[in-house]
A.B. asks: 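Quick one: structure below, then a few questions.
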Amino acid sequence: MRTTTIAGMALAALAGMVAQPALAQGAAGEITIVLPEQPSNLEPCGSILTDVGQVLSQNITETLTVVDPADGSVDPKLATSWEQVEPLTWRFKLREGVKFGDGETFDAEAVKFSIDRMTSKAFTCNNLAKFGSDTITVEVVDPTTVDVKSTQPQPILPTLISVAMIVSPKTSAAQATNAPVGTGPYALKEASPERIVLERSDSYWGEAPAVTKATYVWRGESSLRIAMIQTGEADLTPTIALQDATDPARDVSYLNSETTAVRIDMDYPPLDDVRVRKALNMAIDWDGMAGLFGDEALRASQMVPPGINGHDKDLKPWAFDPDGAAKLLEEARAAGVPVDTEINLVGRNGIYPNGTEAMEAMMAMWNDAGFNVKLTMLDVADWTRYLQKPFPAERGPTLLQIQHDNNKGDAAFTVPLLYRSSGSYSTLDNPAMDAEIDTALAATGDERGQKFRAVFGKVHDEIAADVPMFHMIGFTAVGPRIDWRPSLATNSEIPLAQIRFK
């Protein structure tokens, strides 16, 4: 099922369920969050996407484990403990006395249902991409115990399982939902093309949050979102542009675990030629581009930021070398590569501050270097079709603006997704690389990091699979009513239970 169908039909259908209230104006216990884009859907299986996760994750739906953004440790959530009982099996003990928002009981059968639903491939499930080529199955041991089995060794499975959202057994297993029900502290009360409203659940198993109601709206312009904070029309906006972060009392900078890049679709000429792909990297004035992202943003040579196991600090980013780029293009042309073929650069509206400006600048630089690039900017639902397999048929040579988030501490959440032949976002088809990736995934300790670094080196130096841009610094605007600070996880989730009132 296409994401556009989910967003267009299901959200519109929900619009008439509840009358549409005015935006919150400082009511006690109520907040308004203004997002840069409308969520493409409300399917928990897509919570790794920023636009979905910032609404759902740890608010409506919860997971067995959570990763502490401060140090990468794995903490209990719906599971209270776990142990590896066999090389391919981890056993999880479940929290007792938990109910879903619809009254259903959270137990081992509910966990099995949720993970079976995630792995069924009955509909698009972005979160499944994090598991790469592995297949995860669940066996019920008793009502409060499950065994999670993998087809490959998974030494970090407790971390990996933190992307599996647990949903009510009443949820359809055959199609995506836009009316999610989970065990979280909030329930969905309204979803329309104008707003999404969550209300605090009185039956939540944990401590009652201070926020009783959260209204989400969306505005594309960063300056407009700032104006809403200034006037009290909104209390929080998670992403603002560098040029709008002018008030230290309101605007907070933070390491956001995101890496920006342009993915190269290698299925079509001229992008199937490595000389062309290297020339794409060398034709960009990276010092000039840095002005769009701020002095604290780091040039990227790989798709994981520093601090992630597998990051190679010695791998150097591509340097601006227009003469070298021109030489490579001429070599490719002389070898019969159709370098003059039109290439479609697909960008996403609102993907990050100054994202459109970045794509416009890169298109201009590529065309100056001798490429034939056109830019198409899409809203998130249409852009997602290019992000995840199956890619649009007859799409032709395509460059895709992406932003990848890895706040889980390990390259396993990046490498198979982007570079294994079976990876949901991958345009590579390289059995030798697949074997290297599988070996890295099964490794532990220092060997694990070494093997992932080797993969990143080959992706960069030998394949040039993408155009890495920057490890990003985020800027968030927080209104005067609330006490909250962003973290490494903010681009994936905004847990309302962490917000306090001053």
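Values below: all heavy atoms of this structure, side chains included; hydrogens, waters and symmetry mates excluded.
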A.B. asks: Would N127 and S47 count as having a side-chain donor-acceptor pair, cut-off 3.5 Å?
C.D. replies: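 Checked: N127/S47 side chains pair up, N/O donor to acceptor below 3.5 Å.
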A.B. asks: Does a side chain donor of either N178 or E43 reach within less than 3.5 Å of an acceptor in the other side chain?
C.D. replies: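 Distance-only check fails for N178 and E43.
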A.B. asks: Taking only Lys NZ, Arg NE, NH1 and NH2, and the carboxylate oxygens of Asp or Glu, determine whether D410 and R448 approach each other closer than 4.0 Å.
C.D. replies: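 A salt bridge is present here (some side-chain N lies under 4.0 Å from a carboxylate O).
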A.B. asks: Kindly give the heavy-atom pair with the smallest separation between W286 and F320, and that separation in Å.
C.D. replies: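 Looks like CD1-N, 4.1 Å.
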A.B. asks: Below 4.5 Å, heavy atoms only, C-beta onward: do L160 and W90 meet side chain to side chain?
C.D. replies: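 Side-chain contact under 4.5 Å: no.
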A.B. asks: Grab the two heavy atoms, one from V459 and one from M433, that are nearest each other, plus how far apart they are.
C.D. replies: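 Here V459 and M433 meet closest at CG2-CE, 4.1 Å.
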A.B. asks: So, does D75 use its side chain to make a donor-acceptor pair with the main chain of V67 at under 3.5 Å?
C.D. replies: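 Checking the backbone N and O of V67 against the side chain of D75, no donor-acceptor pair under 3.5 Å is found.
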A.B. asks: Under the ring-ring contact (aromatic ring centres under 6.0 Å, His included) rule, what pairs show up with a residue in residues 395-415, not counting sequence neighbours?
C.D. replies: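 Matches after skipping sequence neighbours: none remain.
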A.B. asks: What I want to find out is whether R91 reaches D147 closely enough, with some N-O distance under 4.0 Å, to be called a salt bridge.
C.D. replies: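 Looking at R91 and D147, the cut-off is met.
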A.B. asks: Using only heavy-atom distances, determine whether the side chains of K149 and T89 contain a donor-acceptor pair under 3.5 Å.
C.D. replies: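 Side chains of K149 and T89: pair found under 3.5 Å.
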A.B. asks: Is the shortest heavy-atom distance from the side chain of K451 to the side chain of E436 under 4.5 Å?
C.D. replies: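 No, every pair of side-chain atoms sits at 4.5 Å or beyond.
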A.B. asks: Is there side-chain contact between V148 and I161, with heavy atoms separated by less than 4.5 Å?
C.D. replies: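 With C-beta onward as the side chain, the pair touches.
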A.B. asks: Strictly distance-based, threshold 3.5 Å: is any side-chain N or O of R299 a donor or acceptor partner for the main-chain N or O of M469?
C.D. replies: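 Yes, R299 side chain to M469 backbone: donor-acceptor pair under 3.5 Å.
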A.B. asks: Do L387 and L400 have side-chain heavy atoms sitting under 4.5 Å apart?
C.D. replies: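 Of all side-chain heavy-atom pairs linking L400 with L387, at least one is under 4.5 Å.
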A.B. asks: Would you name the heavy atoms of P180 and L56 that are closest together and state the gap between them?
C.D. replies: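 Scanning both residues, the minimum pair turns out to be CG-CD2, 3.9 Å.
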A.B. asks: Please report, to 0.1 Å, the donor-acceptor pairs under 3.5 Å made by any side chain of residues 345-356, with sequence neighbours excluded.
C.D. replies:
| residue | atom | partner | partner atom | Å |
| --- | --- | --- | --- | --- |
| R348 | NE | E37 | OE1 | 3.3 |
| R348 | NH2 | E37 | OE1 | 3.4 |
| R348 | NH2 | E37 | OE2 | 2.2 |
| N349 | ND2 | D379 | OD1 | 3.0 |
| Y352 | OH | Q401 | NE2 | 3.1 |
| N354 | OD1 | Q243 | NE2 | 3.0 |
| N354 | ND2 | Q243 | OE1 | 3.1 |
| N354 | ND2 | L292 | O | 2.9 |

A.B. asks: I'd like to check V276 versus F371 (side-chain heavy atoms, cut-off strictly below 4.5 Å). Are they in contact?
C.D. replies: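 When only atoms from C-beta onward are counted, F371 and V276 do touch, with a gap below 4.5 Å.
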A.B. asks: Tell me whether S114 contacts the main-chain N or O of V111 through its side chain, where contact means a donor paired with an acceptor under 3.5 Å.
C.D. replies: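 Such a contact is absent between S114 side chain and V111 backbone.
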A.B. asks: To the closest 0.5 Å, what do you measure between CG (L488) and CD (E258)?
C.D. replies: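 Output value for this atom pair is 9.5 Å.
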A.B. asks: Hey, are the side chains of I33 and L496 touching, using non-hydrogen atoms and a 4.5 Å cut-off?
C.D. replies: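 Touching, per the 4.5 Å side-chain cut-off.
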A.B. asks: Examine distances only and state if a side-chain atom of R333 and a backbone atom of P338 form a donor-acceptor pair shorter than 3.5 Å.
C.D. replies: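 Checked: no pair found.
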A.B. asks: Does E109 reach the main-chain N or O of K112 with its side chain, forming a donor-acceptor pair under 3.5 Å?
C.D. replies: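 Looks like no, no N/O pair under 3.5 Å.
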A.B. asks: Can you tell me if S257 and N406 form a side-chain donor-acceptor pair at under 3.5 Å?
C.D. replies: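 Per modelled atom types, S257 and N406 side chains form no pair under 3.5 Å.
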A.B. asks: With distance as the sole test, does E62 use its side chain to make a donor-acceptor pair with the main-chain N or O of I166 at under 3.5 Å?
C.D. replies: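 Absent.
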A.B. asks: Looking at P238, is its backbone amide N or carbonyl O close enough to the side chain of T476 to form a donor-acceptor pair, meaning the two atoms are under 3.5 Å apart?
C.D. replies: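 The answer is yes, because a donor-acceptor pair under 3.5 Å joins these two groups.
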A.B. asks: Which distance, rounded to the nearest 0.5 Å, do you find between the CZ of R275 and the CG of D273?
C.D. replies: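 These two atoms lie 4.0 Å from each other.
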A.B. asks: Okay, side chain of T237, backbone of L35: is any donor-acceptor separation there less than 3.5 Å?
C.D. replies: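 Not at all, since once roles are kept as given, no pair shorter than 3.5 Å links the two residues.
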A.B. asks: Can you confirm whether the side chains of Q54 and S492 place a donor and an acceptor under 3.5 Å from each other?
C.D. replies: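 Short answer, no.
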A.B. asks: How close do I196 and P39 get, counting heavy atoms only, and between which atoms?
C.D. replies: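 Heavy atoms of I196 and P39 come nearest at CD1-CG, 3.8 Å.
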A.B. asks: Just checking, is any N or O donor in the side chain of N344 or T376 under 3.5 Å from an acceptor N or O on the other one?
C.D. replies: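 Checked: N344/T376 side chains pair up, N/O donor to acceptor below 3.5 Å.
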A.B. asks: Testing the basics here: between W82 and A79, what is the closest heavy-atom pair and its distance to 0.1 Å?
C.D. replies: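 In terms of heavy atoms, the two residues are closest at CZ3-O, 4.1 Å.
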A.B. asks: So, taking the atom named CG in N126 and the one named CG in N41, what distance separates them when rounded to the nearest 0.5 Å?
C.D. replies: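 N126 CG to N41 CG: 7.5 Å, rounded to 0.5 Å.
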A.B. asks: If you round to the nearest 0.5 Å, how far is OG1 of T239 from CG of N256?
C.D. replies: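 Taking CG in N256 and OG1 in T239, the distance rounds to 8.0 Å.
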A.B. asks: I need the minimum non-hydrogen distance between F475 and Y254, along with the two atoms involved.
C.D. replies: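 In this case the closest contact between F475 and Y254 is N-CE2, 3.8 Å.
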A.B. asks: Would you say M359 and V262 make side-chain contact, with heavy atoms under 4.5 Å?
C.D. replies: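 Yes - at least one pair of side-chain heavy atoms lies under 4.5 Å apart.
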A.B. asks: Should the heavy atoms of other residues, nucleotides or ligands under 6.0 Å from CD of Q84 be counted, would the total exceed 12?
C.D. replies: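 Counting neighbours around CD of Q84, more than 12 heavy atoms of other residues, nucleotides or ligands fall under 6.0 Å, so yes.
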A.B. asks: What pairs of residues pass the salt bridge (Lys or Arg N to Asp or Glu O under 4.0 Å) test when at least one of them lies in residues 412-423, not counting sequence neighbours?
C.D. replies: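 Every pair satisfying salt bridge (Lys or Arg N to Asp or Glu O under 4.0 Å) with a residue in residues 412-423: R420-D438.
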A.B. asks: What is the distance from atom CD1 of I136 to atom OG of S150, rounded to the nearest 0.5 Å?
C.D. replies: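 With rounding to 0.5 Å, CD1 (I136) is 5.0 Å from OG (S150).
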A.B. asks: Under 3.5 Å, side chain of W318 to main-chain N/O of L280, donor-acceptor pair present?
C.D. replies: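 Judged by distance alone, no pair lies under 3.5 Å.
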A.B. asks: Can you find a pair of side-chain heavy atoms, one from M165 and one from C45, that are under 4.5 Å apart?
C.D. replies: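 No; the side chains remain at least 4.5 Å from each other.
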A.B. asks: Check whether R395 reaches the backbone of D265 with its side chain - one donor and one acceptor, N or O, closer than 3.5 Å.
C.D. replies: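 Side chain of R395 to backbone of D265: no pair is present.
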